[in-house]
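The block underneath contains the structure these notes are about, expressed in structure tokens.
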Number of protein chains: 2
Amino acid sequence: MAVKYKEIADRLECEIQEGKFDKTKKLPTEEELIKKFEVSRNTIRKAINQLVNRGYIYQVQGSGMFLREESVTDYINLGSLRGLTKDLTSKTIETKILALHVLEADEVNAKQMRCEVGTKLYYIKRLRIVDKEPFSIEISYFKKEIVPYLNEDIAASSIYSYLIEDLKLNIGFADKVINCEKIDEASAIELHVNPLDPALIIENTVCLSNGTIFELSKSVFHYQKAKILNRINFK
Amino acid sequence: MAVKYKEIADRLECEIQEGKFDKTKKLPTEEELIKKFEVSRNTIRKAINQLVNRGYIYQVQGSGMFLREESVTDYINLGSLRGLTKDLTSKTIETKILALHVLEADEVNAKQMRCEVGTKLYYIKRLRIVDKEPFSIEISYFKKEIVPYLNEDIAASSIYSYLIEDLKLNIGFADKVINCEKIDEASAIELHVNPLDPALIIENTVCLSNGTIFELSKSVFHYQKAKILNRINFK
DNA sequence: AAGTGGTCTAGACCACCGT
DNA sequence: CGGTGGTCTAGACCACTTC
């Protein structure tokens, strides 16, 4: 990581997940953390800020830092990069690759990804299976220019781990559009729901830190199995 | 406001919305903003951070600060406090109060709001109408202890403006759970959709800065009219 | 009044982008 | 290489909570 505040944030995140502060639901004071990690106050506060933004804690002026209530159910977390694998920890997750090949951007794609028609894109269609039952259909496009290589093994495990750890991509920000539709016929069959049943849909546009769009995806979720959680801070 | 970085963030937000940087899609450098607002670099960076978190801009090390693409369509913004009125600016929005009274928390309410059974709650049911067509049904509970007074006028305009500007509540954070169901009969009639059509649902638990839950709400949206946008930063 | 987080300043050095 | 953001430090003072 090499950056102090992120390292501290990650360590504290681990401690929180291990239940270290569950008894009191209270974290050490800034002062104590400054001594523990031997950094300046600003650095500690930046680390804390990460935990606040990740939805773990909240701060109360004059009082301290407290754990937020844990969500009991398994939710899809909008703010996390690594998808289902990290969100649904209590479940078994499998992935079936339905398609994986390179194609050229048509006009629709090109407009959405702000690139030339004909730009090479990886096209991937995956069925996600949670606890042995179909959970979602995900269609993704990656710019080949940015993700030069992909295979079934990578697509079956975690694409994002590959992008971050192996390709060292710097992922910057994303737009997620959520809505709800009557499911299309093909998806209904694959997700084992009836035609015209509802479907929860997330369309995702992801950019590198420098602002370039590199991925577009559309996920169709089983309406009875998927719930999205979003933790928001107003400050 | 009284706090410099928020004031600067708000001023820059206005300038962005007015289209001041549309030509270049680039903001002034930190250096320039420091001179313009006569504050330290940290303060400017805190202000900028607000704009990043609000989804307006992104920063590129070594290069500058740039506007994010605007979303063309009208979306519900998960991260904003003021609801529809601010999200759907191009539309006319009306609110019909279907119910507004005080009741005592039952066991379900009490558990969700972490309060005693019998705690006094405002119960509000509203139909939101966008461009003359039914858009959503919203059921909210507010702790009377925290929101001692509410009336139809307030509930028909913006409850949150009232809470913030008049009651001076410090709103801290919220959990939003989004899912998709077959609509219930009553809502179907009110939203003018067919029974068993899909419905987009947001359940919302809102806390004050000190961590106390003060509101619980459930909104049922017209599945063809509501789209949610969430802008996420990974840093 | 003591404890704890929130805001702000001034300055140093590093990392990355573009010319 | 100059320009621009990113990280980090040290210290001051304020605002709120708790007792």
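Both backbone and side-chain heavy atoms feed into the values below; hydrogens, waters and symmetry mates do not. Below, read A as the first sequence line, B as the second, and so on, with proteins coming before strands; counting in each chain starts at 1.
- Here B:R45 pairs with B:E30 in a salt bridge; the nearest charged N to carboxylate O distance falls below 4.0 Å.
- To the nearest angstrom, P of C:dT7 lies 11 Å from CD of A:E30.
- Among D:dT9, D:dC16, C:dC8, the nucleotide with an atom closest to any side-chain atom of B:S40 is C:dC8.
- Listed nucleotides D:dT7, C:dG5, D:dT17 differ in distance to A:Q61; the shortest reach to its side chain belongs to C:dG5.
- C:dA10 atom P lies 9 Å from atom NZ of B:K4, rounded to whole Å.
- Rounded to whole Å, the distance from CZ on B:F66 to C1' on D:dG3 is 12 Å.
- Checked against A:F37 for a side-chain contact (heavy atoms from CB on, under 4.5 Å), the options A:R11, A:E7, A:E32 give a single hit: A:R11.
- The listed nucleotides are C:dC8, D:dC8, D:dG5; the one nearest the side chain of B:R41 is D:dG5.
- With distances taken from any side-chain atom of B:T43 to the nucleotides C:dT9, D:dG6, D:dC8, the minimum falls on C:dT9.
- Looking at A:D74 and A:K227, no side-chain N of the basic residue comes within less than 4.0 Å of a carboxylate O on the acidic one, giving no salt bridge.
- Distances were taken from every side-chain heavy atom of B:N42 (C-beta onward) to each of D:dA15, D:dC8, D:dG5; the shortest belongs to D:dC8.
- Comparing A:V60 and A:Y5 by the nucleotide of DNA chain D whose heavy atom lies nearest to each, the residue mapping closer to the 5' end is A:Y5.
- A straight line from CG of A:N210 to P of D:dG6 spans 13 Å, rounded to a whole angstrom.
- Per the geometry, NZ belonging to B:K26 stands 10 Å off P belonging to C:dG18, to the nearest Å.
- Note: CD1 (A:I44) to P (D:dA10) measures 13 Å, nearest angstrom.
- Between C:dG5, D:dT17, D:dG5, one nucleotide has an atom nearer to the side chain of B:T29 than all others, and that is D:dG5.
- Rounded to an integer number of Å, the gap from B:E31 CD to C:dA12 P is 14 Å.
- The pair A:K111-A:D106 does not count as a salt bridge, with every side-chain nitrogen at least 4.0 angstrom from each carboxylate oxygen.
- In this structure, B:K46 does not reach the C:dG6 phosphate: none of its side-chain N or O atoms is under 4.0 Å from OP1 or OP2.
- In this entry the distance linking CD1 of A:I34 with P of D:dG11 reads 12 Å, nearest Å.
- By the 30° and 60° cut-offs, the orientation of the rings of A:F221 relative to A:F135 is perpendicular.
- Residue whose closest nucleotide on DNA chain C sits further toward the 5' end, between B:E38 and A:S63: A:S63.
- Checking D:dT17, C:dT9, C:dC17 against every side-chain atom of B:V39, the shortest atom distance belongs to C:dT9.
- The phosphate of C:dT4 has neither OP1 nor OP2 within less than 4.0 Å of any side-chain N or O from A:Q59.
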